[in-house]
*Asks:* 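Can you keep this structure in mind? I'll have questions shortly.
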There are 2 protein chains.
Amino acid sequence: MNHVKTYRKAKKMSQYELAQSIGVARQTINLIENDKYNPSLALCLKLAHVLDTDLNALFWEEKNEN
Amino acid sequence: MNHVKTYRKAKKMSQYELAQSIGVARQTINLIENDKYNPSLALCLKLAHVLDTDLNALFWEEKNEN
DNA sequence: TAATATGGTCATATATAAATGACATTGGAG
DNA sequence: CTCCAATGTCATTTATATATGACCATATTA
């Protein structure tokens, strides 16, 4: 689970607006939010910038297996 | 510029060893280190875990445009 | 009722990440 | 110098990210 949807909602953007603002298709945003696949690093970086956050906030999950 | 090579050297691993440890080809590591392309998020996450670091440390560049 | 905005999903096509095998170069160790 | 490990790079193939167009469901508003 990533946190794209949470950050998008915080900016009050629709999937379409977010897609437009980073130059991808709306379906791409939808699939990413629903973990249907595996975005490229370049796309992750664009998302982080548009959503005023960073890679870790959007995509990093700490492992607590010690 | 990403910091994969720096973190790999810190772990004293070769490109081949790093590639083996995350299940990709050596060339893939080489291309990523030299910014020849655009790895997937899943691959970035594996790299971060194997190199005992996180996404921001490897791939995030702060923008200092204020 | 209809109309619109948003989100989820499908099928098809294209661009590119990644695999594979090969070869050249570099640097260190003998 | 030779030998070898590590790296850089090329060409080809395969898997998949992404684009595009479409359709459906839901909620809201006229």
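Each chain gets a letter, A, B and so on, in the order the sequences are listed, and its residues count up from 1.
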*Asks:* Base, sugar-phosphate alone, or nothing: which one does A:Lys9 contact when heavy atoms must sit under 4.0 Å apart?
*Replies:* sugar-phosphate
*Asks:* Is B:Lys5 close enough to D:dG8 that one of its side-chain N or O atoms is under 4.0 Å from OP1 or OP2 there?
*Replies:* yes
*Asks:* How long is the line joining CZ of B:Arg26 and P of D:dC10, in whole Å?
*Replies:* 14 Å
*Asks:* B:Ile29 has an atom CD1; how far is it from atom P of C:dT20, in whole Å?
*Replies:* 14 Å
*Asks:* So does A:Ser14 get a side-chain nitrogen or oxygen closer than 4.0 Å to the phosphate oxygens (OP1/OP2) of C:dA5?
*Replies:* no
*Asks:* Roughly how many Å is it from CG in B:Leu41 to P in D:dT16, rounded to a whole number?
*Replies:* 16 Å
*Asks:* Looking at every strand, decide which applies to A:Leu43 at a 4.0 Å heavy-atom threshold: base, sugar-phosphate, or nothing.
*Replies:* sugar-phosphate
*Asks:* In whole angstrom, give the distance that lies between atom CG of A:Asn38 and atom P of C:dT16.
*Replies:* 17 Å
*Asks:* Once you round it to whole Å, what is the distance between C1' of C:dC10 and CD of A:Gln27?
*Replies:* 10 Å
*Asks:* Over how many whole Å does the gap from B:Asp35 atom CG to C:dT16 atom C1' extend?
*Replies:* 16 Å
*Asks:* How long is the straight-line distance from CG of B:Asn56 back to CD of B:Glu61, given to the nearest 0.5 Å?
*Replies:* 10.5 Å
*Asks:* Less than 6.0 angstrom separating the ring centers of A:Trp60 and B:His49, yes or no?
*Replies:* yes
*Asks:* With respect to the phosphate group of D:dT18, does any side-chain polar atom (N or O) of A:Ser40 fall under 4.0 Å of OP1 or OP2?
*Replies:* yes
*Asks:* Checking B:Asn2 side chain against B:Ile32 main chain: does a donor-acceptor pair fall under 3.5 Å?
*Replies:* yes
*Asks:* Is there a donor-acceptor contact under 3.5 Å from the side chain of A:Arg8 to the main chain of A:Met13?
*Replies:* yes
*Asks:* Hey, is the side chain of B:Gln15 poking within less than 4.0 Å of OP1 or OP2 on D:dG8, counting only N and O atoms?
*Replies:* yes
*Asks:* Given D:dT7, D:dA17, D:dC10, identify the nucleotide with an atom nearest to the side chain of A:Tyr37.
*Replies:* D:dA17
*Asks:* For D:dG8, take OP1 and OP2 only and decide whether either is under 4.0 Å from a side-chain N or O of B:Asn34.
*Replies:* yes
*Asks:* Atom NZ of B:Lys36 to atom P of C:dT16: distance rounded to whole Å?
*Replies:* 16 Å
*Asks:* Figure out the CZ/C1' separation between B:Arg8 and D:dA5, and round it to whole Å.
*Replies:* 13 Å
*Asks:* Hey, is the main chain of A:Ala42 close enough, under 3.5 Å, to the side chain of B:Asn38 for a donor-acceptor pair?
*Replies:* yes
*Asks:* Between B:Asn30 and D:dT7, does any side-chain N or O lie under 4.0 Å from OP1 or OP2?
*Replies:* no
